[in-house]
Amino acid sequence: MNQSRFSWFNATSLTFGFAFLYLPMLILVIYSFNESRLVTVWAGFSTKWYGKLLQNDAFLDAAWVTLNVGIWSSTIATVLGTMAAYVMVRSGRFLGRELFSGMIYAPLVMPEVITGLALLLFFLAIGLDRGMITIILAHTTFSMCYVSVVVTSRLITFDQSLEDAALDLGCTPFDAFRSVTLPIIAPAVISGWLLAFTLSLDDLVIASFTSGPSSTTLPIKVYSAVRMGVSPEINALSTLMIGVVTAGVVAFSLASRKIMINRKNDF
C-alpha cells in the first residue's frame, strides 16, 4: 500500500507555494500601517491612512456602488442560475437543449473584452444609458453561468426520490422544491451566490465598458489611482478588503460545518 510520506521536497514546495500566494498580501498589509507616504520606505507604525481612506469620498462612493452592484447582480444571478441548473438536470431531453446549454456556459470561455463590448453595443442599441443598472445586468449575465455550474453539480448527486416522495404526499412541484430540494442544495446555492459576488467585486474589464460617469466601481477607481502611483490609502483599502473576504470565508465555513453537523445529528 502506497502511503504519502513527509519529505523535505514536499515541505519546501509547499512553503514556496504559500509564500508565492500570500507573501505579497502580507507585505501589503504591513505597509498599510506605514507612517511614510512612500510605500516602499518604512518610517514607523501608523493608522492614519485608514482615517484618510474613510475621508476619501471618491473611494467611499465607488465602494458603495460596487457593494450595491455585487449584492443585486449576485442575487439575480443566483435565482436565474439555479433555475437554469434545475431545468438542465430535471427536464431531460427537450428541443433546443444543446442551444440552451451552450448559451448558459458560453460566458465561461468568452473573453471578458468581447463580453463587455457586446453588452456595450447592446445597451447602446436599445437606448439604455450606462449606469448602475447596466453594470448589474452585465455582471448578472456573466456570473449566472458560474452559479449554474455549481448548482448543477449538486443537483446531479441529489436523491430525486425525496422529491418524488413529497409529490406523492400531496405537495405541488413548487412546494416540493421549496420544502425538500432547496434546503438540501442550499450550500451549493450559497456557494454560487458567494462566487457571483466575488466575481462582481473583482471585475474591471466588463464594468469599464458598461459603467457611466456617475457609477464608477471600486476596481475601476483603484486602477485609475494606481496608474498615477500607489498610495498608502490603496494599501489600507486592500487590507480592509482582504479582512472582509477572510471574515466572510471563515463565517461561511463555520456555518456550513454547523449545517453538516446538524444534518448528521438528525439522521
Side-chain angles (χ1 to χ4, degrees), residues 20-34 36-41 48-74 77 107-124 128-143 146 194-249:
F20 179 79
L21 290 174
Y22 296 108
L23 187 59
M25 297 184 187
L26 180 60
I27 295 175
L28 183 147
V29 172
I30 292 175
Y31 274 91
S32 68
F33 297 98
N34 188 10
S36 173
R37 189 169 188 82
L38 300 176
V39 295
T40 58
V41 178
K48 68 178 182 180
W49 302 113
Y50 289 89
K52 291 188 176 182
L53 175 64
L54 296 178
Q55 297 175 357
N56 192 321
D57 293 335
F59 277 122
L60 294 179
D61 292 341
W64 179 249
V65 171
T66 302
L67 184 62
N68 276 282
V69 169
I71 292 175
W72 280 104
S73 63
S74 56
L108 287 171
V109 296
M110 189 75 67
E112 290 187 346
V113 174
I114 302 300
T115 302
L117 180 59
L119 290 169
L120 172 62
L121 296 176
F122 173 74
F123 293 143
L124 292 176
L128 184 60
D129 294 333
R130 286 180 293 169
M132 188 180 297
I133 298 298
T134 55
I135 304 177
I136 292 174
L137 294 176
H139 284 187
T140 300
T141 300
F142 82 88
S143 61
Y146 292 91
L194 291 174
L195 179 59
F197 182 79
T198 303
L199 292 171
S200 176
L201 190 70
D202 182 63
D203 176 67
L204 171 65
V205 178
I206 296 178
S208 64
F209 279 97
T210 57
S211 62
S214 60
S215 58
T216 302
T217 61
L218 194 57
I220 297 177
K221 184 63 181 178
V222 170
Y223 177 73
S224 301
V226 168
R227 295 179 64 183
M228 304 299 295
V230 180
S231 68
E233 292 181 28
I234 296 180
N235 290 344
L237 174 64
S238 301
T239 301
L240 290 177
M241 294 180 65
I242 292 173
V244 170
V245 171
T246 302
V249 171

Practice task
Nearest 0.5 Å please: distance from the CZ atom of F142 over to the CD1 atom of I206.
Solution key: 4.5 Å

Completion exercise
Heavy-atom closest pair (S143 atom, S73 atom, distance to 0.1 Å) is OG-O, 4.4 Å

Problem - Spacing of L121 atom CG and F209 atom CZ [to the nearest 0.5 Å] - result: 9.0 Å

Exercise for the section: Taking salt bridge (Lys or Arg N to Asp or Glu O under 4.0 Å) as the test, write out the residues that go with K52, two or more places apart. Expected result: none

Handout entry: From M25 atom CE to I27 atom CD1, the distance as rounded to the nearest 0.5 Å
Key = 12.0 Å

Exercise for the section: Keeping the roles fixed (side chain from N68, backbone from W64), state whether a donor-acceptor pair exists under 3.5 Å. Expected result: yes

Problem - Separation of M241 CE from D202 CG (nearest 0.5 Å) - result: 7.5 Å

Exercise for the section: Evaluate whether atom CZ of F122 has more than 12 neighbouring non-hydrogen atoms of other residues, nucleotides or ligands under 6.0 angstrom away. Expected result: no

Practice task
Rounded to the nearest 0.5 Å, what's the gap from OG1 on T210 to CG on D203? Could you check?
Solution key: 7.5 Å

Handout entry: With sequence neighbours excluded, residues passing side-chain contact (heavy atoms from CB on, under 4.5 Å) with T246
Key = I242, V250

Completion exercise
The side-chain contact (heavy atoms from CB on, under 4.5 Å) partner of T134 among V69, L120, L128, L119 is L128

Fill in the blank from the handout: Between the CD1 atom in I220 and the CD1 atom in I135, the distance rounded to the nearest 0.5 Å is 6.0 Å

